[in-house]
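In what follows, a single structure is set out as structure tokens and then discussed.
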Protein chains: 2
Amino acid sequence: MPERYYEEKHFIEDISLYFEQMGIPRMAGRILGVLLIANPPEQSIDDLCEQLQASKSAISTSARLLSEMGLIERAPSPLPRRVYFRFQPGGWIKFMRMYLRMMASLHGIAERGLELLKDEDPTLSERLQEAHDMFSLIEDELPMLLKRIEEKRQI
Amino acid sequence: MPERYYEEKHFIEDISLYFEQMGIPRMAGRILGVLLIANPPEQSIDDLCEQLQASKSAISTSARLLSEMGLIERAPSPLPRRVYFRFQPGGWIKFMRMYLRMMASLHGIAERGLELLKDEDPTLSERLQEAHDMFSLIEDELPMLLKRIEEKRQI
DNA sequence: ACTAAGATTCTGTATTGACAGAAAATTCTG
DNA sequence: CAGAATTTTCTGTCAATACAGAATCTTAGT
């Protein structure tokens, strides 16, 4: 086996481990890994099964998850009745936006905490105020940053 | 039971669910939840056991994890031989910095992917270049943002 | 419409991980 | 420095989850 083969495997496995850390199934990470370096970028379910030595059901389920996350998309199929996937341009930005939404939810929870402490000594609120301030700023600034990246890409 | 009791429980559970989504054990999220709204902010292991109806081992393990993450800290103990925890001021910023580090690791993986594609058609590299550009920008800008937040807090 | 190829969903199983309880280690008092 | 109180680590168990394989549903070609 050529060196390159192992490097690809390693890349795919590292992506999958990263996504596992985020609570996303390993298989989804592996699929993404393949679709990030595959040539051609479009890969059928069977291609993915073979490359990852996994069942169709596992591929199908995890690919759907990645689609919902906006990281991959179905590609126009060269063959009839066959589903092809590829990385979705702009997928990484969508991924970051998902993160932003998650942060926003934590922001909301923090505000509920502040509400709970509103009648107590204000110094008790500091730990939640800190969260509130931080998330507010990030929610103000990060979308702008992402927009800038997006525009840069589209030129 | 007063209304407030349920609101606190709900708050704690929502924090724990959020952290679970991030791949952090539920119990750690619950401990953080308690320490965000507790009065006084310092709570002993036994306090936490009682409030969360959990074993000492579970509290001990998860509290250590939160300490390593920089979200909570051991507090000077009013009683000898007894460990008290509290939310660590600046903890949320540490939390965000942890995120940054995780992103940086993905950044590194993406660059390895680019390396793998360096001899192929440049259009194939776009999906990884996108990641590279995005993470670079975020890694440039977010630390500045966090620093600003930090300085604001310390005034 | 029927049929065949393929994708998706459902069900069972094996693995993983969270937690309780027990054992070991640590810390403080007399 | 002995001993008691408290925390931490270790071990076993239970529940949750990822995946394989089977069953069902979809799609397209005749």
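Just so you know, these numbers use all the heavy atoms, side chains as well, and skip hydrogens, waters and symmetry mates. These numbers were taken from a predicted model, which means no experiment stands behind them. Per chain, numbering begins at 1; letters A, B, ... match sequence-line order.
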How do A/Arg30 and B/Lys56 order along DNA chain D: which one's closest nucleotide is nearer the 5' end?
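It is B/Lys56, whose closest nucleotide lies nearer the 5' terminus.
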Residue whose nearest DNA chain D nucleotide is more 5′ - A/Ser62 or B/Arg64:
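Comparing both residues, the 5'-ward one is B/Arg64.
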Side chain of A/Ser55, base of D/dG21: donor and acceptor closer than 3.5 Å?
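Between D/dG21 and A/Ser55, which were checked side chain against base, a qualifying N/O pair under 3.5 Å is absent.
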Suppose we call a contact any N or O donor and acceptor under 3.5 Å apart; does that hold for the side chain of A/Ser60 and the base of C/dA7?
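Counting by modelled atom types and ignoring angles, no donor-acceptor contact under 3.5 Å is found here.
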If you count every heavy atom of other residues, nucleotides or ligands that lies below 6.0 Å from B/Glu50 atom CD, does the total exceed 12?
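No - once you tally the heavy atoms of other residues, nucleotides and ligands closer than 6.0 Å, there are 12 at most.
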Out of C/dC28, C/dC19, C/dA7, which nucleotide sits closest to the side chain of A/Val83?
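The nucleotide sitting nearest to the side chain is C/dA7.
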Picking from D/dC19, D/dT9, D/dT7, which would you name as closest to the side chain of B/Ile45?
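The listed nucleotide nearest to B/Ile45's side chain is D/dT7.
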How many whole angstroms separate atom [atom1] of [X] from atom [atom2] of [N]?
X       : N      : atom1 : atom2 : result
A/Arg74 : D/dT26 : CZ    : C1'   : 11 Å
A/Leu79 : D/dG29 : CG    : C1'   : 14 Å
A/Leu48 : D/dC19 : CG    : C1'   : 16 Å
B/Gln53 : C/dC19 : CD    : C1'   : 14 Å
B/Arg82 : C/dT26 : CZ    : C1'   : 15 Å
A/Asp46 : C/dA7  : CG    : P     : 6 Å
A/Ile31 : D/dA18 : CD1   : C1'   : 12 Å
B/Leu66 : C/dA18 : CG    : P     : 13 Å

Under 4.0 Å, heavy atoms only, any strand: does A/Arg81 hit a base, just the sugar-phosphate, or nothing?
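Base contact.
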Distance from B/Ile24 atom CD1 to B/Tyr18 atom OH, nearest 0.5 Å?
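Those atoms lie 8.5 Å apart.
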Do A/Asp133 and A/Gln129 meet the criterion of a side-chain donor-acceptor pair at a distance under 3.5 Å?
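Result is yes, a qualifying pair exists.
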Please determine, by modelled atom types, if B/Ser44 and B/Asp46 share a side-chain donor-acceptor pair under 3.5 angstrom.
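Per modelled atom types, B/Ser44 and B/Asp46 side chains form no pair under 3.5 Å.
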What about B/Phe95 and B/Phe19, are their ring centers closer than 6.0 Å?
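Distance test on ring centres: under 6.0 Å, yes.
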